[in-house]
Number of protein chains: 2
Amino acid sequence: MQNRLETLDSILDRLRTSIRKNGLKNSKQREEIISVLYKSGTHLSPEEIASEIKTKDKTTSISSVYRILSFLEKENFITALEADKSGRRYEIAAKDHHDHIICLHCGEITEFVDPEIERLQIKVAHEHNANLISHNMKLFVICQKCQKIKP
Amino acid sequence: MQNRLETLDSILDRLRTSIRKNGLKNSKQREEIISVLYKSGTHLSPEEIASEIKTKDKTTSISSVYRILSFLEKENFITALEADKSGRRYEIAAKDHHDHIICLHCGEITEFVDPEIERLQIKVAHEHNANLISHNMKLFVICQKCQKIKP
DNA sequence: GTATCTGCAAATGCTTTGCACACCC
DNA sequence: GGGTGTGCAAAGCATTTGCAGATAC
C-alpha cells in the first residue's frame with residue numbers, strides 16, 4: 001500500500017461537504033464504509049465490507065453497501081478494481097494514483113506506478129487524437145512466493 | 001484492426017488439431033464462431049455472436065456460444081475484453097498482440113501497441129520479483145469525434 | 001456403440017431496484 | 001413534515017450448469 005495523502009478525518013470532512021453539495025443527508029453507513037476501507041488498506045469486496053461493518057455490531061444490508069459504494073465511486077472517494085471474475089473490489093482513493101500487479105496463482109495484489117508508462121499512455125492517446133481521461137493497467141504475474149511453490 | 005497474421009483456413013486447421021489433441025469431437029458451431037469473429041474484425045459480445053450465427057440459418061443456443069467461447073479462449077484462439085459493465089467481448093487472437101483505447105462517450109474501441117510500454121511492464125514485474133504472464137491495459141479517452149460533439 | 005456436443009430451461013452469483021419504514025435537516 | 005436513507009426481499013442480467021436427445025468417430 002502506498003502513502004496516505006490525507007487523514008481519515010479530512011476525508012470524512014470532504015464527504016460531508018460532498019453530501020451537502022448534492023443536497024443529500026448524512027448517514028453513519030457512508031462514513032462507516034469509508035472508514036473500513038481506509039483502515040483496511042487493502043482491496044475489499046462489497047461482501048467483505050458488509051461483514052466487516054457487521055462485526056462492529058451494525059446491521060448494515062448488502063444493498064446499502066452497493067448503493068453507497070456507487071455514490072462514493074462517483075464522487076471519487078474510492079476506486080474500483082476488477083482483479084478477477086469474482087466481482088469488483090474497492091479501495092480508498094486518497095492515495096497516489098497507481099496500477100496493479102496481480103498474482104494469477106495466489107491472487108495477491110500489489111500496487112505500483114511507473115511515471116514513464118504514465119507519460120507514454122498520454123502520448124499514445126494523443127497520437128490517436130484522443131483525450132486520455134483515465135486508464136486501467138493490470139499486470140498478471142506469478143509472484144516470487146508462488147514461483148517457489150510451483151517451479 | 002491490425003494485420004491478420006493467419007488465414008481463416010489456417011486457424012480452422014489449428015482448431016481441428018487442438019480438438020483432436022484434447023480428445024474432443026468436431027462441431028460446426030466451433031468453426032462458425034471462429035469464422036464469425038474472424039470475419040467481423042471487431043469485438044463481439046456472446047449475444048452478438050449468437051445472433052450473427054442465427055442469421056445464417058443455424059439455431060445455435062447462447063449456452064453453446066458461452067461454452068465454445070470458454071474453450072476457444074483457453075486454447076488461445078480468441079481473447080476476451082471487458083470494455084464496460086455490459087459483459088465480455090471477444091476477438092480473434094490471430095492478430096499481433098495489442099491493447100485497447102476505449103472512448104467513454106461512444107464506446108469505440110481502437111487497438112494499439114507501444115513497444116516501449118511493453119518493455120517497461122516486463123521491467124516493473126521484474127522489479128517486484130514477479131514473472132509477467134500477461135497484462136491488460138485499457139486507455140479510457142474521449143475520441144476526436146466525441147470531442148467535437150461535446151466540447 | 002460410446003463419449004462428446006448441443007439446445008433448452010433452470011440455477012447461479014453479483015448487482016440493482018421497489019417498497020415501507022426510519023432517520024436527518 | 002418532507003424528502004432522503006435503509007433493510008428486506010424480489011428482480012435483473014450475464015454467465016454457468018444439469019439433463020436428455022443429437023452427433024461425431
Side-chain angles (χ1 to χ4, degrees), chain A residues 12 15-36 43-54 56-75 77-90 107, chain B residues 12 15-36 43-54 56-75 77-90 107:
Chain A
L12 293 177
L15 174 63
R16 289 179 201 114
T17 304
S18 160
I19 286 171
R20 268 194 302 277
K21 190 197 71 196
N22 285 278
L24 305 178
K25 295 175 180 176
N26 244 334
S27 89
K28 30 192 170 322
Q29 282 85 343
R30 272 195 282 244
E31 306 201 353
E32 271 295 327
I33 288 179
I34 292 238
S35 202
V36 165
H43 309 76
L44 299 179
S45 69
E47 285 289 352
E48 285 167 351
I49 294 167
S51 65
E52 179 63 25
I53 292 177
K54 275 175 196 153
K56 299 177 180 181
D57 102 309
K58 291 246 27 106
T59 52
T60 302
S61 73
I62 188 69
S63 48
S64 294
V65 172
Y66 276 104
R67 266 187 294 239
I68 292 172
L69 288 172
S70 301
F71 170 78
L72 294 177
E73 189 183 8
K74 178 173 71 64
E75 296 290 313
F77 287 101
I78 61 176
T79 56
L81 167 70
E82 302 223 30
D84 54 34
K85 277 99 224 269
S86 72
R88 293 205 266 280
R89 293 182 160 272
Y90 293 86
Chain B
L12 293 178
L15 174 62
R16 289 178 202 117
T17 304
S18 159
I19 286 172
R20 267 193 302 278
K21 190 196 70 195
N22 284 278
L24 305 178
K25 295 175 182 178
N26 244 334
S27 90
K28 31 193 170 315
Q29 282 87 341
R30 273 195 282 244
E31 304 201 353
E32 271 296 327
I33 288 179
I34 292 238
S35 201
V36 164
H43 309 76
L44 300 178
S45 69
E47 284 289 352
E48 285 166 351
I49 294 167
S51 65
E52 179 63 25
I53 292 178
K54 275 175 195 150
K56 299 179 178 179
D57 103 308
K58 289 247 29 107
T59 52
T60 301
S61 75
I62 189 69
S63 48
S64 293
V65 171
Y66 276 104
R67 266 186 294 237
I68 292 171
L69 287 172
S70 300
F71 169 77
L72 294 176
E73 188 183 10
K74 179 174 70 65
E75 296 290 311
F77 287 100
I78 61 176
T79 56
L81 168 70
E82 302 223 28
D84 54 35
K85 277 103 225 270
S86 73
R88 293 205 267 281
R89 294 183 160 270
Y90 292 86

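We name chains A, B, ... by the order of the sequence lines, and we start the count at 1 in each one.
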If you restrict it to nitrogen or oxygen atoms, what contacts under 3.5 Å exist between nucleotides 16-21 of chain C and the protein, and what is each distance?
residue	atom	partner	partner atom	Å
C/dG18	O6	A/R67	NH1	3.4

List in chain and number order the residues that pass side chain to side chain contact (heavy atoms under 4.5 Å, CB included) with [X], two or more places apart in sequence or in another chain; answer none if no residue qualifies.
X: B/Q29; value: B/S27, B/K58, B/T60, B/I68
X: A/S86; value: A/D84
X: B/K74; value: B/N22, B/F71

Provide, to the nearest angstrom, the distance between the [atom1] atom belonging to [X] and the [atom2] atom belonging to [N].
X: B/K85; N: C/dT15; atom1: NZ; atom2: C1'; answer: 11 Å
X: A/E48; N: C/dC14; atom1: CD; atom2: P; answer: 11 Å
X: B/F71; N: C/dT4; atom1: CZ; atom2: P; answer: 13 Å
X: A/D84; N: C/dC14; atom1: CG; atom2: P; answer: 10 Å
X: B/E32; N: C/dT6; atom1: CD; atom2: P; answer: 12 Å
X: B/I19; N: C/dT4; atom1: CD1; atom2: P; answer: 13 Å
X: B/I33; N: C/dT6; atom1: CD1; atom2: C1'; answer: 12 Å

Once salt bridge (Lys or Arg N to Asp or Glu O under 4.0 Å) is applied, do any residues pair with [X], and if so which ones, sequence neighbours excluded?
X: A/R67; result: none
X: B/E75; result: B/K21
X: B/E48; result: B/R89
X: A/R16; result: A/D13, A/E31

Its 5'-most and 3'-most nucleotides having an atom under 4.0 Å from a non-hydrogen atom of chain A, DNA chain D is contacted over D/dG2 to D/dA9
Axial bend angle, the helix from C/dG1-D/dC25 to C/dC25-D/dG1: five-pair end segments, nearest 10°
30°
Using a cut-off of 4.0 Å on non-hydrogen atoms, how would the nucleic acid contact of B/S45 be classed: base, sugar-phosphate, or nothing?
nothing
Just to be sure I understand the rule, does A/Q29 reach a base, reach only the sugar-phosphate, or reach nothing, if contact means heavy atoms closer than 4.0 Å?
sugar-phosphate
Between atom CG of B/L44 and atom CG of B/L81, what is the distance when rounded to the nearest 0.5 Å?
11.5 Å
Roughly how far, to the nearest 0.5 Å, is CD1 of A/I33 from CG of A/L69?
5.0 Å
Results of side-chain hydrogen bond (donor to acceptor under 3.5 Å, both in side chains) for A/T79 - residues two or more places apart only
none
Shortest non-hydrogen contact from [X] toward [Y]:
X: B/I19; Y: B/R30; answer: CD1-NE, 3.5 Å
X: B/I53; Y: B/E32; answer: CD1-CB, 4.0 Å
X: B/A50; Y: B/V65; answer: CB-CG2, 3.9 Å
X: B/Y90; Y: B/I78; answer: CD2-CD1, 3.5 Å

Do any N or O atoms of the protein come closer than 3.5 Å to N or O atoms of nucleotides 22-25 of chain C, and which pairs are they?
residue	atom	partner	partner atom	Å
C/dC24	O2	A/K25	NZ	3.1

